[in-house]
Amino acid sequence: MTELKTQKLTLAKKATLGGVALVMIYTALISSADAITKFLAGGYAAPQLYVISGMLVAAFCLVTERVKGGRDGVIQAIRTLRPVEMAVRSIATVLASVCYFYAFKLLDFAEVFIFIGLMPIFAGLMSGPILGEKVTTAVWFALGAGFVGVVCLFPNGIHGMSPGHLIAFGATASGTLSMVMARRIGQFESNALAQVFWPNATLAVVMAVALPFVYRPMSAHDLFWVGAYAAFLFFARWVLVVALRNLAAYVVTPLMNLQFVWMVILGSVVFGERTGANIVLGSAIVIGSGLYLIYDQLARGRVVRSGGYKTLAAVDAGSKPTAPAE
């Protein structure tokens, strides 16, 4: 029995470390996509970017499944067992995408990280009612420390907030809801590409309604960057959905704070922005809380199942998987 527990714990740690690696890859991909968003935001409205990129990402999903599964690939790419949850995720993704577009337009690149740092707090609040995942007292302390780090980013208090900050706040709330719903769906099905296809297809359709009113001709150069944005976004969201199977949502979101490093580098090199000492200090606190959450997940030992996510205690007790495996 002891040997079996050791094997399960080793499996859980490997799954956790694999999830951490995937989130690190995600941060590099999504930061690159965000940099392109900021670059294009000055010349075009949100609907124009998202109609093209949404259609491209949805097409990437169909092509990928066609290559993997042949003629049945298209059906596989759009099949979902949780249509209601998928609809909620899709709507939240549309709201987050539009809000982030204008946040990047109104704020410095690294400054948007302030609100990305709030994602673990939102994830902790949402994980209980939506996912049924218990957040321990120690983890709440870590999330609180992350909030303190965010406060450090406003040395002049809330009076320093602008409409751009409020928009970024809305982007963070809706973006976190989209991620939590991705984990919720992942508890019942393993079709990761469907979770990429439907939000982006929805984004393209919704934005198409407004496109005739804001359309501007695009140069071949800008079309290239829109294509690059769609490619980065496709791989980033695919990687994130897989990572959310291995890690609790409140663990994934602090790890996403590694985006700060990429944002500072890209903001400085590409946009000529300077990052203040208060932002560095607050970010260090936020990232430190994220590292603790990784330790907490490893210490508690979790096992990944195709049908869901269970603690070692649940496995030892012989409980059934959260949902049937596909």
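Since the model is a prediction, treat every value here as computed from it, not as a measurement. Values below: every heavy atom of this structure, side chains too, minus hydrogens, waters and symmetry copies.
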| query | Where do Val226 and Leu56 come nearest, in terms of heavy atoms and distance? | reply | O-CD1, 4.5 Å
| Between Trp238 and Phe234, ring centroids under 6.0 Å | yes
| remark: Value for CZ (Arg82) from CD1 (Ile185), rounded to nearest 0.5 Å, stands at 8.5 Å
| query | Would Gln48 and Leu40 satisfy side-chain contact (heavy atoms from CB on, under 4.5 Å), going step by step from the backbone distance to the final call? | reply | CA-CA 10 Å; Gln48 189 158 345; Leu40 293 172; over 6 Å; no
| Leu211 versus Tyr215: any side-chain heavy-atom pair under 4.5 Å? | yes
| request: Output the distance between atom OG (Ser31) and atom CZ (Phe232), rounded to the nearest 0.5 Å. | output: 10.5 Å
| query | Roughly how far, to the nearest 0.5 Å, is CZ of Phe60 from CG of Leu193? | reply | 12.5 Å
| Student check: side-chain heavy atoms of Leu81 and Phe188 closer than 4.5 Å | no
| said: If hydrophobic clusters are built by linking Ile, Leu, Val, Met, Phe, Trp and Tyr wherever their side-chain heavy atoms come under 4.5 Å apart, do Phe101 and Met55 end up in the same one? | reply: yes
| said: Quick check: is Leu107 connected to Leu49 through a chain of hydrophobic side chains (ILVMFWY, heavy atoms under 4.5 Å apart)? | reply: yes
| said: Is there a side-chain contact between Leu223 and Ile52 in this structure, where contact means two heavy atoms from C-beta onward sitting under 4.5 Å apart? | reply: yes
| Which heavy-atom pair separates Cys61 from Phe197 by the least distance, and what is that distance? | SG-N, 3.6 Å
| task | Would you give the length of the straight line joining atom CG of Leu177 to atom OG1 of Thr172, rounded to the nearest 0.5 angstrom? | result | 12.5 Å
| With respect to Thr80, which candidate in Glu189, Gln195, Arg89 satisfies the side-chain hydrogen bond (donor to acceptor under 3.5 Å, both in side chains) definition? | Glu189
| task | Find out if a path of hydrophobic residues (ILVMFWY) with successive side-chain heavy-atom gaps under 4.5 Å connects Val205 to Val196. | result | no
| request: Measure the CD-CZ distance between Glu85 and Arg183 for me, rounded to the nearest 0.5 Å. | output: 14.0 Å
| task | Report yes if some heavy atom in the side chain of Leu233 is under 4.5 Å from a heavy atom in the side chain of Ile30; otherwise report no. | result | yes
| Would Ile167 end up clustered with Leu95 when hydrophobic side chains under 4.5 Å apart are linked, directly or stepwise? | no
| field | Smallest separation among heavy atoms of Ala208 and Val51, with atom names | value | N-CG2, 3.4 Å
| query | Hey, are the side chains of Phe104 and Asp34 touching, using non-hydrogen atoms and a 4.5 Å cut-off? | reply | yes
| task | Test side-chain contact (heavy atoms from CB on, under 4.5 Å) on Arg237 and Asn200 and set out the steps. | result | CA-CA 10 Å; Arg237 287 182 172 169; Asn200 284 281; 2.9 Å; yes
| said: Given 3.5 Å as the limit, does a donor-acceptor pair link the side chain of Thr27 with the main chain of Met24, or not? | reply: yes
| task | Starting at OG of Ser174, measure out to CZ of Phe122 and round the result to the nearest 0.5 Å. | result | 9.0 Å
| Taking all atoms of both residues into account, what is the closest heavy-atom pair of Ala210 and Pro47, and its distance? | CB-CG, 3.9 Å
| task | For Thr37 and Ala33, indicate whether the former's side chain and the latter's backbone hold a donor-acceptor pair under 3.5 Å. | result | yes
| Would a line drawn from the ring center of Tyr50 to the ring center of Tyr44 be shorter than 6.0 Å? | no
| said: Let me check something: do Phe235 and Trp225 share a hydrophobic cluster, defined by ILVMFWY side-chain heavy atoms less than 4.5 Å apart, either directly or through other members? | reply: yes
